[in-house]
Visitor: 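Can you keep this structure in mind? I'll have questions shortly.
Values in this document were obtained by computation on a predicted structure and should not be read as measured data.
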Amino acid sequence: MSQDEGRYWLDRPENVAKLYRGLWIVGVLLVLADLVVHRHAEAGFDGGFGFYGVYGFVACVALVLAAKLLRRAVMRPEDYYDR
Amino acid sequence: MKRLIVLRVVAKMLIPFMLLFALYVQFHGDFSPGGGFQAGVIGAAAIILYALIFGLPAARRLVPERLVETLLGAGVLLYGGVGLAGIALGGNYLDYFVLGRDPVSGQHRGIFWVEVGVALTVSAVMLEIFYLFAGRGHRFDE
Amino acid sequence: MIAELPAGLILVAAGLALPLLPRAARSPVAAAAPLLAFAQLLWIGPGYVLEKDAFGFTLQLVRTDRLSLAFGYIFTIAAFLNAIYAWRVREGIEPPAALVYAGTALAAVFAGDFLTLFIYWELSAVASALIVWAGGSARAYGAGMRYMAVQLGSGMLLAAGAALRYAEAGSLAFEHVGLGSPGGALLFLAFGIKCAFPLLHNWLQDAYPEASATGTVVLSAFTTKLSIYALARGFAGTEMLIWIGAAMTAFPIFYAVIENDLRRVLAYSLNNQLGFMVVGIGLGTDMGLNGAVAHAFAHILYKALLFMSMGAVLLRAGTVKGTELGGLYKSMPLTAGLCMVGAASISAFPLFSAFVSKSMVLVSAAEQGYTFIWLVLVFASAGVFHHSGIKVPFFAFFAHDSGIRCKEAPAHMLVAMALTALLCVGIGVFPGALYAILPMPVDYVPYTASHVLAQLQLLVFSGLAFSWLKRRGIYPPEMRSVNLDADWFYRRLGLRMARALAALLQRLFDAGREASRQLGEAGAALLERLHGSEGVLARTWSTGGMALWAAILLAAYLLLYYADKVDRGFIFLLILPFLIGALGLWADSRRRDDD
Amino acid sequence: MSAEQLPALVVVAPLVAAPVALLARRALPAWMVATAACGFSFVAALALAVQVTSGGAVSYALGSWPPPWGIEYRVDVLSAFVLVLVSGVATVVAPFAWASASAELERERLYLFYALYCLCVAGLLGMTATGDAFNLFVFMEIASLSSYVLIALGRDRRALLSAYQYLVLGTIGATFYVIGIGLLYLMTGTLNMADMAARLSDISSTRPVLAALAFITVGVSLKLALFPLHLWLPNAYTYAPSAVTAFLAATGTKVSVYVLLRFYFGVFGTRIVLEELPMSQILLALSVVAIVTASLVALWQADLKRLLAYSSIAQIGYITLGISMASREGLTAAVVHLFNHGITKGALFLLVGGVALRAGHAGFDRLQGLARTMPLTSLGIVIAGLSLIGTPGTAGFVSKWYLVLGAIEAGRWWLAAFIVATSLIAVAYIWRFVEAAYLAPLGGATPRAGEAPAAMLVPAWILVAASVWFGFDTSYSVQGAARAAALLLQ
């Protein structure tokens, strides 16, 4: 592994951070595009500014948090059924 | 029992009459109660009496098992044959009407032969059963 | 001549012939058979019917229309891609089983009546169970057993439902059924099991990840889509399906987030994708149905692509556990890239296949006024990107470097994946081709600025949520674990209850025997006679005992006949001795086991 | 000999062949006579079946005495159906018996075996063809007595005891039957069944008639091994010579079912038997218990022949279950299952007979890895086993299908579920064979002499093929059964 060190661009944390920041910029741009592009609503309220961005973000955070709770309830050792 | 002279003499006298009576019952079956079944039983009883008095080997010499078996088959065959003769002569199975020139003689003939078949079969079966049981285990007369 | 043959039977015949062929010829035949079947489908087109008299019925062995043809096309395509992917697998039960499985599923799609459907339904269940078993491990054996039991159970329900249906409607024709009758309900349940409805779903996550690298790809394509077809045919517009489907889209994704086995993650997301189709069928509108069929079509391809890439990882790295993988993009860059095409497709990125199919279901739900359902579906869309689009490629190919260095996937696998990826992108770029074969006329335009923008926002912010949670350390780490699911009820609870019941009965019988021992000489002797050296009902009875039964029965009949009015309680009294006898038999066999 | 004579000839041929075989005294001519007679009966039965299907029931006055004074032979769709089954199985088993009985019996007494075989066939055919209740009793005795002896010929010592028990119970059954007939004669003054039915319609609820019904029901139930009167069957089937087991399992109990159907529907009438009396509930309860217990007992048997014997009891339960429904579907199911189970079980016992020939008996210890040494036999057992389970594409499926339909028709959902569920027990016991023959390694006790001789294998496979054939082509079996059911319900 050590000989690979540095050979790959993604192995460097600062590059990952760059990607992360870039993604935020894209996101913000997309939301701002709402001002330019008219998004017609499908369900009535989804035409609002940045609806999909907010919904996607909140939904995913909620999903992960709920899954963490779920894990407490259902997680068992790997050989659970074999015992 | 061979030594009991009274029994031997009486049996010797009785057995021919029993056989004769069997024949009487057989042939009188058309007119009065009787027929092949009863005749067969009486005939077989005569042989069985013989076996009881004179011993199984003697009876076996008189009426060998082979003969019994043949009679058994022949009796059934005779019965079945009469039935088939009815078909062959254009009637139904066991149709006696067609066996003679007129229905009455046809009936007569048909019943006669069928009863002979029955008598043969019944007496043979009686004897067969007797032989089988008597031949099993210890010989009671020897 | 070949037009006379149901298309599926071409595959079945090829599958059965496969073991007899020389090894070199097997893979080409396995690839050629689906092509031949595909050509035959194109040739016969819609409106073809092949009937045959059997069982006293007129069976429709083949009935083509636009709905069945759409599934027929994608099934043959999938079978072809599978054959390429599994080019090197020439030995064992898997290649013939895969062809027979695909063939029976294909034939089932064209079944015009329930009896024919039932026969192929069961055959495909057996063939697919063989594929699970071909996984080879002890776990695969157990999972295959459970899988088989569930699938055959579905078949039993189908048979029972068909029989009821015949009694109700006087016809076995496989047309719209609806939920209004007991027969319909049983059929619904039969299809539902195979479609992995919530709480009936676990056979899927249980069995698919236990098959071999190639086997899982085959499995993912046919079983559930066959049931989607059956639901579309029999239960279009059944409102309950909308709610079931919405639940199906939502709840598997929670499990997918915490699952470690990446092929099992994909199995959960397979379940979630089926939910979209089920909603579309439940809506029953032209667009909803079109959406369901289009999504099934697209889904088979990208799901196969994802399973193929994970299969390649399994083949080269020897595992698909999230905990053990990472950094594989360095060793398998092509596989990583193709996997990401699949991920983009399932996540419905613009220019990828699901973008043009899934949205039809969403729009349709919104149009029908199912706002809540629509919200759930959007949530599930974000979620699916989250776990299938990001999690699977991320943990396999990126994340922290696991240090695994291996070879790139073999060429035939790459070819299969590339072809599949090409089709995914092709559908995304030229949706008109897909729309042309849908059952209803389509007037839907996927590429509007509004739709593209909304979808991009959703996806990018889902991705942002993932990276934000990950960087914050909130994201649940991958752990080696088993997550309890509905299968717990039969794998654990059922087993325990059966054991507890057996123990309880044992104790009861022990107590009974103990009590009887104290009943005194006469009673004990009687009991001893009842429990002879063999079971009461199995042993040879004394002749007198047999005759006694005859006398008892005669007496019972006479009593019954002479009683003016006989209530049923009396009859049960009559049966009671037999029941006691049966229990005695059981107890006796237990006792002998103990000795 | 024109076609009108067929109802008599079908019975007479084996009846006359029996003494001829006896007189022949040699195995080979005796066997040839027996086979020829069975074959003749089969052809005659087929011709009769064609005749009654197109032209309705045939009445034949024995000795040209018109019924009801003379004995009438009456062949309708139902009896023609059973005649075809009995004579067909007899014909197929005959060549099998040449190889199997030669190996199992002393050579010098072999001709007796064939004579008795003919008698048994004649008795069963006579029971089916006759329209006279007492004549039926006579043929019942002919068939029973010959089958007792045939069973006693088995080479296992226990065969004698089994035959003796069968004799005692069979005689009780026959006696009950004849008591019932006596009561009916007392009340109606006739022995002709059709005549009896007509005269019974006014007095059907009187006590002597009800007593007659009870006696006949129990008597015939003994003969058809209805639970709990089945106890003679497992041993009799297990220890009898293979050919006898196969023949009796395929036909013996089936003819008794036929007699039950005749009396319930033809003589007493549906109204009294199934509507006024709780007969259908009792029959239903007994059938259900029979299916469950016999299937479960079969599951634990250590001998394949005995396992199949218990499975027969369960299958008879399915037939009586169909009768208890007393509906068109139910009766169709009963009659078609009577036929399908006959050929399926016949096939199984013939194949097991082949195993027994090579291995001495068919205990499961002899079956380990059998598929390697006797592949055709094992495959046949599996295929016929599938039919026993009721897998689609086999004859067994057709009957189960109609049974389920009948249950649904009657609105008894639980019964339909029950029928499907109990098939799973059949899966389990057939699986035991598959496990032993295919999955287990070759056992030390497994016969290594190769396949059974062709004379045994070919008849067995004819029946195996038939049990698949009638799973696809149901035009004869189901249509015949449906016609018979319609006839019974008239």
Side-chain angles (χ1 to χ4, degrees), chain A residues 1-2 4-5 7-8 10-11 16-17 19-21 23-31 33-34 36-47 50-83, chain C residues 138-139 142 253-258 260 327 329-330 362-363 365-367 370-371 374-375 378-379 381-383 385-387 398 401 403 405 448-451 453-469 471 474-476 479-485 487-488 491-492:
Chain A
M1 177 171 168
S2 58
D4 294 332
E5 210 66 60
R7 265 182 59 195
Y8 289 90
L10 265 179
D11 283 343
V16 177
L19 267 181
Y20 179 61
R21 257 174 273 138
L23 198 60
W24 270 111
I25 294 167
V26 172
V28 171
L29 284 177
L30 280 172
V31 171
D34 266 5
V36 192
V37 179
H38 167 69
R39 273 200 303 102
H40 66 87
E42 282 175 12
F45 47 78
D46 57 321
F51 169 82
Y52 283 97
V54 174
Y55 190 75
F57 193 86
V58 172
C60 284
V61 172
L63 166 66
V64 171
L65 295 180
K68 284 182 85 165
L69 282 178
L70 181 69
R71 181 174 253 184
R72 280 198 203 161
V74 302
M75 194 172 83
R76 294 290 183 278
E78 230 175 357
D79 59 348
Y80 177 73
Y81 286 118
D82 304 327
R83 280 180 297 169
Chain C
R139 285 171 67 95
I253 59 182
F254 295 97
Y255 273 96
V257 168
I258 55 175
N260 186 26
Y329 76 98
K330 297 169 187 170
L362 274 107
V363 170
E367 275 179 358
Y370 288 101
T371 310
W374 181 85
L375 278 173
V378 175
F379 165 70
S381 303
F385 174 54
H386 196 94
H387 63 79
F398 304 101
D401 195 328
R405 293 292 177 269
T448 62
S450 161
H451 182 202
L453 182 59
Q455 188 66 17
L456 283 177
Q457 279 188 9
L458 185 73
L459 293 176
V460 168
F461 276 91
S462 302
L464 275 172
F466 178 82
S467 2
W468 181 69
L469 290 165
R471 291 182 78 84
I474 305 172
Y475 196 84
M479 285 183 192
R480 309 175 59 93
S481 65
V482 162
N483 295 317
L484 299 185
D485 200 340
D487 59 348
W488 181 81
R491 287 177 73 176
R492 211 65 207 251

Visitor: I'd like to know whether the aromatic ring centres of C:Phe461 and A:Tyr52 sit less than 6.0 Å apart in this structure.
Guide: no
Visitor: Using heavy-atom distances under 4.5 Å, tell me whether C:Leu459 contacts chain A through its side chain, its backbone, both, or neither.
Guide: neither
Visitor: Under 4.5 Å, counting heavy-atom pairs only, tell me which of C:Ala465, C:Ala256, C:Ser381 racks up the most with chain A.
Guide: C:Ala465
Visitor: Can you see which heavy atom on A:Cys60 is nearest to which on C:His386, and at what distance?
Guide: SG-ND1, 3.5 Å
Visitor: Quick check against the 3.5 Å criterion: does A:Tyr55 have a side-chain atom that pairs as donor or acceptor with the backbone of C:Leu375?
Guide: yes
Visitor: Hey, can you tell me if C:Phe254 and C:Phe379 have their rings parallel, tilted or perpendicular (30° and 60° cut-offs)?
Guide: tilted
Visitor: Specify which of A:Ala59, A:Gly56, A:Ala66, A:Gly53 makes the most heavy-atom pairs with chain C at under 4.5 Å.
Guide: A:Gly53
Visitor: Please classify the contact between C:Phe398 and chain A as side chain, backbone, both or neither, with a heavy-atom cut-off of under 4.5 Å.
Guide: side chain
Visitor: Is it the side chain or the backbone of C:Tyr329 that comes within 4.5 Å of chain A heavy atoms, both, or neither?
Guide: side chain
Visitor: Verify side-chain contact (heavy atoms from CB on, under 4.5 Å) between C:His387 and A:Leu63, making sure each step is shown before the conclusion.
Guide: CA-CA 10 Å; C:His387 63 79; A:Leu63 166 66; 5.6 Å; no
Visitor: Under a 3.5 Å distance rule, please check whether C:Asp401 uses its side chain to pair with a backbone N or O of C:Gly327 as donor and acceptor.
Guide: no
Visitor: Counting only heavy atoms closer than 4.5 Å, note whether C:Leu464 contacts chain A via side chain, backbone, both or neither.
Guide: both
Visitor: Chain A: which of C:Leu456, C:Val257, C:Leu458, C:Val460 shares the most heavy-atom pairs with it under 4.5 Å?
Guide: C:Leu458
Visitor: With a 4.5 angstrom heavy-atom cut-off, could you sort out which part of A:Leu65 is near chain C: side chain, backbone, both or neither?
Guide: side chain
